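Working notes, beginning with the structure itself.
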2 protein chains.
Amino acid sequence: MQLSKRDVVDVATSLLDDYGIADLSMRRLARELNVSAGALYWHFANKQQLLGAVADRILQPLTPASGNWPERVRATCAQLRDALLSHTDGAELVSASLAAGQSEVMTAVLARLAAAAGDAGVASEHTDLVARTVIYYVLGFTADEQSRLQWDAAGAEVDTTVWTEDPNARFAFGLRLLTDGIAAHSRTGS
Amino acid sequence: MQLSKRDVVDVATSLLDDYGIADLSMRRLARELNVSAGALYWHFANKQQLLGAVADRILQPLTPASGNWPERVRATCAQLRDALLSHTDGAELVSASLAAGQSEVMTAVLARLAAAAGDAGVASEHTDLVARTVIYYVLGFTADEQSRLQWDAAGAEVDTTVWTEDPNARFAFGLRLLTDGIAAHSRTGS
DNA sequence: ACCTGAACACCGTTCAAGT
DNA sequence: ACCTGAACACCGTTCAAGT
């Protein structure tokens with residue numbers, strides 16, 4: 001049976017879920033697919049591009065939100081965080097793909113957030129930066145949260161000093177900071 | 001001559017500056033130091049820890065700022081960004097070390113920002129999150145900026161679509177979003 | 001068009017043995 | 001105490017050759 005891009009990405013995703021990003025190698029993926037490592041390079045130019053396709057698979061569940069701009073920002077960020085938390089090292093993988101410019105879905109999400117910023121009254125030359133700032137927050141927060149969750153699941157007694165509050169509430173609080181900041185920059189208020 | 005931790009970190013930093021993080025390997029570093037690769041493991045438990053030491057070296061120039069809380073936040077962020085931009089892949093390296101919890105200086109910076117948030121009137125159970133949110137922004141923004149700069153220096157015609165504005169002004173604008181958001185959460189106003 | 005097999009040029013980490 | 005040398009178990013990528 002011939003190898004399809006879809007098969008490759010599916011198996012890569014399950015490898016990611018089971019063993020994490022550090023063990024997601026081209027050679028191991030090829031072995032899992034019963035194919036030689038070189039075969040993957042017929043379908044993908046390099047590993048970065050393959051990881052970008054996995055990132056897009058992870059981000060598939062994201063759909064455009066409706067409502068006023070703060071609702072749309074909150075919904076988009078919540079969807080993004082949920083998608084990242086659904087896969088081992090999801091935040092790390094998507095961050096890397098964003099940095100490499102290899103995720104098309106991420107580009108669409110950025111555009112969605114920039115449009116919301118525009119509706120908030122942010123000047124057009126700044127909407128992209130506002131969108132990126134929101135994304136930096138979601139990726140940073142979720143990468144942190146996920147590494148703690150995974151450490152924890154691995155049986156370590158993570159310091160619970162002041163980390164007692166519900167992660168959802170913490171996430172919402174940090175996001176509120178950003179939406180309040182955006183509102184302060186708008187011509188019309190929230 | 002005996003190998004000292006300082007020598008190792010110094011040479012690692014110059015290797016980083018000259019060839020980037022992808023080429024900063026334990027074996028290459030050992031070669032540069034005229035030592036076997038195994039020797040490094042007498043001084044550092046693993047690569048992550050060594051990279052943490054390099055991160056701390058990069059962050060050495062950071063000093064506690066003075067002034068009212070928004071001034072301290074701005075100064076700290078400006079210092080951080082400057083330090084990151086002074087070394088090839090600086091933002092990427094420090095981000096990784098922060099995630100791994102291997103940078104002591106980063107812990108100190110976080111504490112500084114949390115204190116500023118406290119002065120802004122943020123409730124004590126949220127100051128750490130506010131500090132982290134600011135750090136996510138600086139690291140995200142600077143990693144973006146640096147990858148564009150380095151792509152550019154490598155001779156590529158990066159799309160200059162709406163990217164025309166001064167990076168310093170863009171950085172300040174995004175940071176303003178955050179400080180405005182913090183001010184909105186304070187009991188006392190800015 | 002799609003894939004294999006072998007090669008190239010590397011990795012991080014460990015550890016017995018040496019000085 | 002500090003380091004070497006060799007080994008273990010891997011990497012990403014290329015490319016002539018096969019079907």
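Please read all numbers here as calculations on a predicted model, not as lab measurements. Below, all heavy atoms of this structure are taken into account, side chains as well, without hydrogens, waters or symmetry copies. Lettering follows sequence order; numbering is per chain, from 1.
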Set of residues satisfying ring-ring contact (aromatic ring centres under 6.0 Å, His included) with respect to His87(A), sequence neighbours excluded: none
Residues which pass ring-ring contact (aromatic ring centres under 6.0 Å, His included) with Phe171(A), listed by chain and number, not counting sequence neighbours: Tyr137(A), Phe141(A)
Separation of [X] atom [atom1] from [N] atom [atom2], in whole Å?
| X | N | atom1 | atom2 | result |
| --- | --- | --- | --- | --- |
| Asn34(A) | dC3(C) | CG | P | 13 Å |
| Phe44(A) | dC2(C) | CZ | C1' | 14 Å |
| Leu33(B) | dT4(D) | CG | P | 10 Å |
| Trp42(B) | dC2(D) | CH2 | P | 6 Å |
| Asp23(A) | dG12(C) | CG | P | 16 Å |
| Leu29(A) | dC10(D) | CG | P | 16 Å |
| Lys5(A) | dA1(C) | NZ | P | 15 Å |
| Leu24(B) | dC11(C) | CG | C1' | 13 Å |

Salt bridge check, Asp144(A) against Arg148(A): does any charged N sit closer than 4.0 Å to a carboxylate O? yes
Can you sort out the partners of Ala169(B) under side-chain contact (heavy atoms from CB on, under 4.5 Å), two or more places apart, ordered by chain and number? Glu165(B), Asp166(B)
Results of side-chain contact (heavy atoms from CB on, under 4.5 Å) for Ala117(B) - residues two or more places apart only: Val122(B), Thr127(B), Val130(B)
For a quick check of understanding: with a heavy-atom distance under 4.0 Å over all strands, which category does Ser36(A) fall into, base, sugar-phosphate or nothing? base
Taking dC10(D) as the reference, what is the distance to dA9(C) when you measure between their P atoms (whole Å, please)? 23 Å
Using the salt bridge (Lys or Arg N to Asp or Glu O under 4.0 Å) rule, collect all pairs that involve residues 71-93 of chain B, keeping only residues at least two apart or in two chains. Arg72(B)-Asp119(B), Arg81(B)-Glu145(B)
Secondary structure string for DNA chain C (Watson-Crick or G-U under 3.5 angstrom, | for other-strand pairs): ||.|||||...|||||.||
In residues 51-65 of chain A, what donor-acceptor pairs under 3.5 Å come from side-chain atoms, sequence neighbours left out?
{"from": "Asp56(A)", "atom 1": "OD1", "to": "Ser103(A)", "atom 2": "OG", "distance (Å)": "2.6"}
{"from": "Asp56(A)", "atom 1": "OD1", "to": "Glu104(A)", "atom 2": "N", "distance (Å)": "3.3"}
{"from": "Asp56(A)", "atom 1": "OD1", "to": "Val105(A)", "atom 2": "N", "distance (Å)": "3.1"}
{"from": "Asp56(A)", "atom 1": "OD2", "to": "Glu104(A)", "atom 2": "N", "distance (Å)": "3.2"}
{"from": "Arg57(A)", "atom 1": "NH1", "to": "Asp10(A)", "atom 2": "OD1", "distance (Å)": "2.7"}
{"from": "Thr63(A)", "atom 1": "OG1", "to": "Gln79(A)", "atom 2": "NE2", "distance (Å)": "3.2"}

Compare side-chain N and O positions of His43(B) against OP1 and OP2 of dA1(D) and report whether any pair is under 4.0 Å apart. no
Select from Ser25(B) and Gln2(A) the residue whose nearest nucleotide in DNA chain C is closer to the 5' end of that strand. Gln2(A)
Run the salt bridge (charged side-chain N to carboxylate O under 4.0 Å, His left out) test against Arg176(A) and tell me which residues pass, sequence neighbours left out. Asp180(A)
Distance alone, cut at 3.5 Å: any donor-acceptor contact between the side chains of Asp7(B) and Ser4(B)? yes
Looking at Leu84(B), is its backbone amide N or carbonyl O close enough to the side chain of Gln146(B) to form a donor-acceptor pair, meaning the two atoms are under 3.5 Å apart? yes
Expected output is a numbered-order residue list: members of residues 8-18 of chain B with a heavy atom under 4.0 Å from any atom of DNA chain D. What is it? none
Do any pairs count as a ring pair (Phe, Tyr, Trp, His ring centres under 6.0 Å) and have a residue in residues 100-131 of chain A, sequence neighbours left out, and if so which ones? His126(A)-Phe173(B)
Per the ring pair (Phe, Tyr, Trp, His ring centres under 6.0 Å) rule, what does the pair list look like for residues 34-53 of chain B, sequence neighbours excluded? none
Using atom names, set out every protein N or O paired with an N or O of nucleotides 13-17 of chain C below 3.5 Å, distance rounded to 0.1 Å.
{"from": "dT13(C)", "atom 1": "OP2", "to": "Tyr41(B)", "atom 2": "OH", "distance (Å)": "2.6"}
{"from": "dT13(C)", "atom 1": "OP2", "to": "Lys47(B)", "atom 2": "N", "distance (Å)": "2.9"}
{"from": "dT13(C)", "atom 1": "O5'", "to": "Tyr41(B)", "atom 2": "OH", "distance (Å)": "3.3"}

